[in-house]
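Naming: A, B, ... by sequence-line order, numbering from 1 per chain. Here the structure is a predicted model, which is why all the values come from computation and not from measurement. Values reported hereafter were calculated over all heavy atoms of this structure, with side chains retained and with hydrogens, waters and symmetry mates removed.
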Amino acid sequence: MATTIRETVASLRRSPLLAGLSSLMVGLALFVLGLFSLAAYNLRLALETVEERVEVVAYLREDLRQVDLDAAVETLETLPGVEEVRYLSKPEALERAIRDLPEIAEVSTDLEVNPFPASLEVRFLPEGRTTETVEAVVASAESLPAVEDVRYGQEWMERLFFLRRIGGITSLILGAAFATVATLIIGTAIRIAVFARREEIYVMRLVGARDSLIWRPFLLEGAVTGLVGGLLATLLTWATHQSVFHFLFELSWIPTSWVLSGIGIGVVFGILASNLAVRRYLKEV
Amino acid sequence: MIKLLKVTKEFPRTGAALKGVSLHVPKGAFVFLTGHSGSGKTTTLRLIHMSDRPTDGEVRVSGFSSLRTSRREVWKVRRRVGFVFQDFRLLPGRNALENVAFALEVTGCKKPEIRPRAQRLLSQVGLAVKSGSHVHELSGGEQQRVAIARALASEPLVLLADEPTGNLDDRATRGVMDLFWEINAMGMAVVMATHDLDLIRTYPEARVLELDQGRLVYDSSEDAGRG
Ligand SMILES: Nc1ncnc2c1ncn2[C@@H]1O[C@H](COP(=O)(O)OP(=O)(O)OP(=O)(O)O)[C@@H](O)[C@H]1O
Ligand SMILES: [Mg+2]
């Protein structure tokens, strides 16, 4: 192992520019992953709080009959995923509107009729907060004779999901691009390292050294490259988090397990990339 | 200990370098492998070292068959087969001791034993006083001795030598040959490729194999058997 470490250090010192560039590329690839994780994690936190408030509001007809109302409540309450169905009468709706927006009070006293419709508010169980159950409730509510109109937060939720998907795809493309460049540069670095050690490798094979002993320094070099890249990415992501936090808006830092996984991905990637290069270039010497 | 069974070796562009060669080198033998340039001497030694595999036939070295020894396991064969060359192939950046120590290190010798064992090997080849000299400070004969010490590092059963005296003057040649006989006397087989017939005649006790265009055309041991 001491030999392996010595060879690896020697190799890294032989071509510090390439070693640095390899790490930088791995770092950039992982930085993209880090930014995506940061965004995805915060979005997930935001969605969790929003999801707790997921509800469907069914506005009721003016000429509502009590039987239709009872039937509507009963129908909606028995649907899967529904926690409760609350009836909000016209006066209650007006009251709530005034509470939310006091100016309405002044206007409404002048009004002969109350413009706010009665409604049924459907709340969901935690496990019922999925697009499918929500849509099933909406469809059912729309078909009820008591119901005039149905509103729910689906549109902007979909937009959020859409944004997340766009972000994911962009990160994937950018990350893949950096990873490809990283693979190429690691390949070049390994090739130079193999070439610089070709005489030693020749003698090792001649006298019967195990293959693993020949490979190890190169794989360790890849692992070090990946590790440095991972740490660099962590630093960049953290710096981004800090500036956004201080100058733009509050942002949560990603969990430590995510950070460690990211660094782990870097190390594994470094080993795989150098393995690929070693396989290829050891044949040439 | 070494067996070639109807070995044929073809190269993509140059065609067959060996054509159905069968031979047996028993433990402790001293064999000269001779023949014109291009007759297949180097190819034969490389097949025994499993640096190359036969296109057809089988090479057996101390229980390892070329048909069944995977590339992962080939190091086991190499440790039983020492190899020296006309051009020595030492590591230029290191001194004599370090060249031998490197071979010990990469073949799994324990750290504290490396230096003393390398010293002992250099003494064995008569080069103890030059152990600190760098490769470029050594004469051809001395470099070949370092190469022999390196080849002995894994305590092989056979020493292959490909024109080991090709770059040496008469005195150095004699020195190296004496060393080979010493090593042979300790029980190690020696297979030496050379086209120096005068040199071969100096050692009538050795067995001589002659190759011609990839075929084994003469074996002195069969001669003796018949005559
Ligand atoms: N790696 C190779 N690729 C293609 N052809 C080869 C290769 N090695 C050897 N040969 C061919 O095989 C034949 C035998 O070569 P080999 O080196 O075994 O001869 P040799 O007896 O050692 O000759 P010399 O005395 O000149 O060293 C030659 O015709 C040579 O061209
Ligand atoms: Mg030859």
Is L206(A) in contact with chain B via its backbone, its side chain, both, or neither, using a 4.5 Å heavy-atom distance?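 For L206(A), backbone and side chain are both near chain B.
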Engaged part of [X] at the chain A interface, taking heavy atoms whose separation is under 4.5 Å:
| X | value |
| --- | --- |
| A153(B) | neither |
| R94(B) | side chain |
| P156(B) | neither |
| K111(B) | side chain |

Name the member of E73(B), R72(B), R150(B) that forms the most heavy-atom pairs with chain A at distances under 4.5 Å.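 With the most close heavy-atom pairs to chain A, the winner is R150(B).
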When heavy-atom pairs shorter than 4.5 Å are enumerated against chain A, which of A151(B), G93(B), P92(B) gives the highest number?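 Most heavy-atom pairs within the cutoff with chain A belong to P92(B).
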Check for me whether the distance between the ring centres of Y203(B) and W181(B) falls short of 6.0 Å.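 Close enough - the centres of the two rings lie under 6.0 Å apart.
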Mind checking whether F30(B) and F32(B) have ring centres under 6.0 Å apart?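 Aromatic pair counts; centres sit under 6.0 Å.
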For R60(B), is there an ion pair with E58(B) - N to carboxylate O distance below 4.0 angstrom?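 Yes, charged N to carboxylate O under 4.0 Å.
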Given S133(B) and N95(B), is the side-chain hydrogen bond (donor to acceptor under 3.5 Å, both in side chains) satisfied, shown in steps? CA-CA 5 Å; S133(B) 301; N95(B) 65 29; over 6 Å; no
What do you reckon, is CZ of R115(B) surrounded by more than 12 foreign heavy atoms closer than 6.0 Å?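 No, not enclosed.
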Face-on cation placement of K9(B) at F11(B) ring, 6.0 Å and 45° thresholds: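 K9(B) over F11(B) ring: yes.
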Residue selection (most heavy-atom pairs with chain B, distance under 4.5 Å) from D211(A), V203(A), L213(A):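 Winner by heavy-atom pair count: V203(A).
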